[in-house]
2 protein chains.
Amino acid sequence: MARWEPNAQTRLQQAAMELFRERGFDGTSVAEIAERAGLTERTFFRHFADKREVLFVGGDWVTTDLRAGIADAPADATPLEVAEAAFSRLADAFEERREFSRTRHAVIDANPELMERERRKLALLADSVADGLRERGVDETRARLASEVGMAVFRTAYTRWATSSDGRTARAYLREAFAQAKAL
Amino acid sequence: MARWEPNAQTRLQQAAMELFRERGFDGTSVAEIAERAGLTERTFFRHFADKREVLFVGGDWVTTDLRAGIADAPADATPLEVAEAAFSRLADAFEERREFSRTRHAVIDANPELMERERRKLALLADSVADGLRERGVDETRARLASEVGMAVFRTAYTRWATSSDGRTARAYLREAFAQAKAL
DNA sequence: AGACTGACGACAGTAACTGACAACGCTTTC
DNA sequence: GAAAGCGTTGTCAGTTACTGTCGTCAGTCT
């Protein structure tokens, strides 16, 4: 028999999600999360850099998805179209984890500290998209602008999707948002 | 004679700026800031909700400026033009405090935690712009999009201005960024 | 068999933040 | 002009996020 129960990290994440929904982010301590997962506080911090991070790790696939979206975009696409292609992949990924993504959004949305972290992560994604654009030969300023604007559009669409009650897909919301943005 | 030296809050802010530049944000404790200002740690937290906030309080004029910019925009301006008018006011305000704004940006840029807070504050400003647009009769989605996109453009321009070595004004950077964004 | 590794617990310590209460110059009230 | 109330600070004790260090032991490697 193994010395410890397996999947410590996953157990911590599940325990955290439960407790955050029950008592809110500030209302639950790291010690409580660890206890519910059958571990100690110290072990929690071996898996996550800080308390918030428990909701954000495991998102490496996101960057990969974005890059894949950029690579697949047609060679003659404008920078903004490339950004749209990248973020469309993201929308699809959220759609695949629909229920999880939506409850995760609700938890984050209820706490300013978590919203900050979410924005920071999204900013890193925007950086990643900007990098991809530069590699395509887009100049620095345009790359930054296209990625930032694309991210802004994505965020409005994502928020609307996560809080919507109709069954429309994330990609549908995103397409609509980009169309409206271009019309501005 | 007064019981205490006046301007406790300002003294704390100055002490914090100095220490953050000398030792970095993480390298200075709240106790040290308070000591340099001739106060106690407890008093620091009476003036600022948390350690980061010492760099962000006193920014109420910003919202007022944005609103004024919106109010002054011509009645037939598009939502994005209204947002541009609002953010132009902001650019002017930063230009007036040129040196202060630029060193403040350098301090914030050196620390992810501070960048998070900056983004959150900027997000609130975007909300404010969106509110102003809605009051002008712009529908919810377009208001959100215009303010978010406008904010994205502003942020790229602001970063470029804060790190630039030529003497161009913040407004010049902003105008250029908006022109390029529209060309996307 | 013995060395090594990896994931964990135990414990002590720092620093951010909070609540409760006391001190005391200043202002208001009678 | 004394008393009462107010506002800003100090003091102190406490909670919680987070870190460093060391010991433990099942599984793996040699």
Side-chain angles (χ1 to χ4, degrees), chain A residues 1-20 22-58 107-108 110-118 120-121, chain B residues 1-20 22-58 107-108 110-118 120-121:
Chain A
M1 164 184 149
R3 184 166 184 202
W4 304 283
E5 296 299 313
N7 306 116
Q9 181 156 316
T10 307
R11 275 155 46 213
L12 284 166
Q13 284 177 312
Q14 286 175 345
M17 270 283 259
E18 290 173 20
L19 287 166
F20 291 165
E22 291 170 17
R23 317 178 195 174
F25 181 77
D26 287 331
T28 98
S29 71
V30 172
E32 290 168 338
I33 298 169
E35 189 187 353
R36 180 168 299 201
L39 295 164
T40 64
E41 194 181 345
R42 189 68 187 88
T43 297
F44 179 95
F45 286 108
R46 286 203 180 89
H47 287 276
F48 309 105
D50 62 59
K51 183 180 169 186
R52 294 179 266 176
E53 201 62 14
V54 70
L55 287 174
F56 294 93
V57 291
V107 169
I108 291 174
N111 190 286
E113 305 255 332
L114 294 173
M115 289 182 67
E116 273 189 35
R117 177 60 56 93
E118 174 88 328
R120 177 163 143 196
K121 293 279 174 176
Chain B
M1 166 182 145
R3 180 168 187 202
W4 308 283
E5 297 298 315
N7 307 117
Q9 181 157 315
T10 308
R11 275 154 48 213
L12 285 166
Q13 283 177 311
Q14 287 175 345
M17 271 283 258
E18 289 172 22
L19 287 166
F20 291 165
E22 291 170 18
R23 317 179 195 174
F25 181 77
D26 287 330
T28 99
S29 72
V30 172
E32 290 168 337
I33 298 169
E35 189 188 353
R36 179 167 298 200
L39 295 164
T40 63
E41 193 181 347
R42 189 67 185 87
T43 298
F44 178 96
F45 287 108
R46 286 204 180 88
H47 287 277
F48 309 104
D50 61 59
K51 183 180 170 185
R52 293 178 268 177
E53 201 62 15
V54 70
L55 286 172
F56 295 93
V57 291
V107 169
I108 291 173
N111 190 285
E113 302 257 332
L114 293 173
M115 290 182 66
E116 273 188 36
R117 177 62 55 92
E118 175 89 327
R120 176 163 141 198
K121 292 279 173 173

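Numbers restart at 1 for each chain; the letters A, B, ... are given by sequence-line order, proteins then strands. Quantities reported herein were computed from a predicted structural model and do not represent experimental measurements. Only heavy atoms go into these numbers, but all of them, side chains included; no hydrogens, no water, no symmetry mates.
When every heavy atom of L114(B) is checked against every heavy atom of V107(B), the shortest pair comes out as CD1-O, 3.9 Å. In plain terms, the two heavy atoms of L39(A) and A8(A) that are nearest each other are CD1-CB, 3.8 Å.
The backbone N or O of M115(B) sits nowhere less than 3.5 Å from a side-chain atom of R120(A) that would complete a donor-acceptor pair. No side-chain donor-acceptor contact under 3.5 Å links N7(A) to the backbone of T10(A). In this structure, R23(A) contributes its side chain and T28(A) its backbone to no donor-acceptor pair below 3.5 Å.
Spacing between atom CZ of F48(A) and atom P of dT19(D) amounts to 14 Å, rounded to whole angstrom units. Rounded to an integer number of Å, the gap from CZ of R11(A) to P of dA7(C) is 14 Å. As rounded to whole Å, 15 Å separates atom P of dC17(C) from atom CD of E32(B). In this entry the distance linking CD of E35(A) with C1' of dG9(C) reads 15 Å, nearest Å. Distance CD (E113(A)) to P (dA16(C)): 14 Å, rounded to an integer number of Å. Q9(A) places its CD atom 16 Å from the P atom of dG6(C), with the value rounded to the nearest Å. For E53(A) and dT19(D), the CD to P distance is 12 Å, given to the nearest whole Å.
Which of dT9(D), dC8(C), dT19(D) sits closest to the side chain of A8(A) comes down to dC8(C).
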Check the interface with nucleotides 21-24 of chain C: list each N/O to N/O pair with the protein under 3.5 Å, or write none.
| residue | atom | partner | partner atom | Å |
| --- | --- | --- | --- | --- |
| dA23(C) | N3 | R3(B) | NH1 | 3.4 |
| dC24(C) | O4' | R3(B) | NH1 | 2.9 |
| dC24(C) | O4' | R3(B) | NH2 | 2.7 |
| dC24(C) | O2 | R3(B) | NH1 | 2.4 |

What are the atom names and distances for every N/O pair under 3.5 Å that joins the protein to nucleotides 14-18 of chain D?
| residue | atom | partner | partner atom | Å |
| --- | --- | --- | --- | --- |
| dA17(D) | OP1 | K51(A) | NZ | 3.2 |
| dA17(D) | OP2 | V30(A) | N | 3.3 |
| dC18(D) | OP2 | K51(A) | N | 2.6 |

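Taking E18(B) as the reference, R36(B) meet the side chain to side chain donor-acceptor pair (under 3.5 Å) condition, with sequence neighbours excluded. In this structure, the side chain to side chain donor-acceptor pair (under 3.5 Å) partners of T43(B), at least two apart in sequence or on a different chain, are T40(B).
Side-chain contact between F25(A) and I108(A): absent, with no pair of heavy atoms (C-beta onward) separated by less than 4.5 Å.
Among residue pairs with one or both ends in residues 40-51 of chain B, those qualifying as salt bridge (charged side-chain N to carboxylate O under 4.0 Å, His left out) are D50(B)-R117(B); sequence neighbours excluded.
Note on the helix from dA1(C)-dT30(D) to dC30(C)-dG1(D): angle between the axes of the first and last five pairs equals 10°, rounded to 10 degrees.
Side-chain nitrogen and oxygen atoms of T43(B) include at least one within less than 4.0 Å of the OP1 or OP2 phosphate oxygen of dG10(D). Put simply, H47(A) has a side-chain N or O that comes within less than 4.0 Å of OP1 or OP2 on dC8(C).
K121(B) has a carboxylate O that lies under 4.0 Å from a charged side-chain N of E53(B), or vice versa, which qualifies the two as a salt bridge.
By the neighbour-count criterion of 12 heavy atoms within 6.0 Å, atom CD of E35(B) is sparsely surrounded, having that number or fewer from other residues, nucleotides or ligands.
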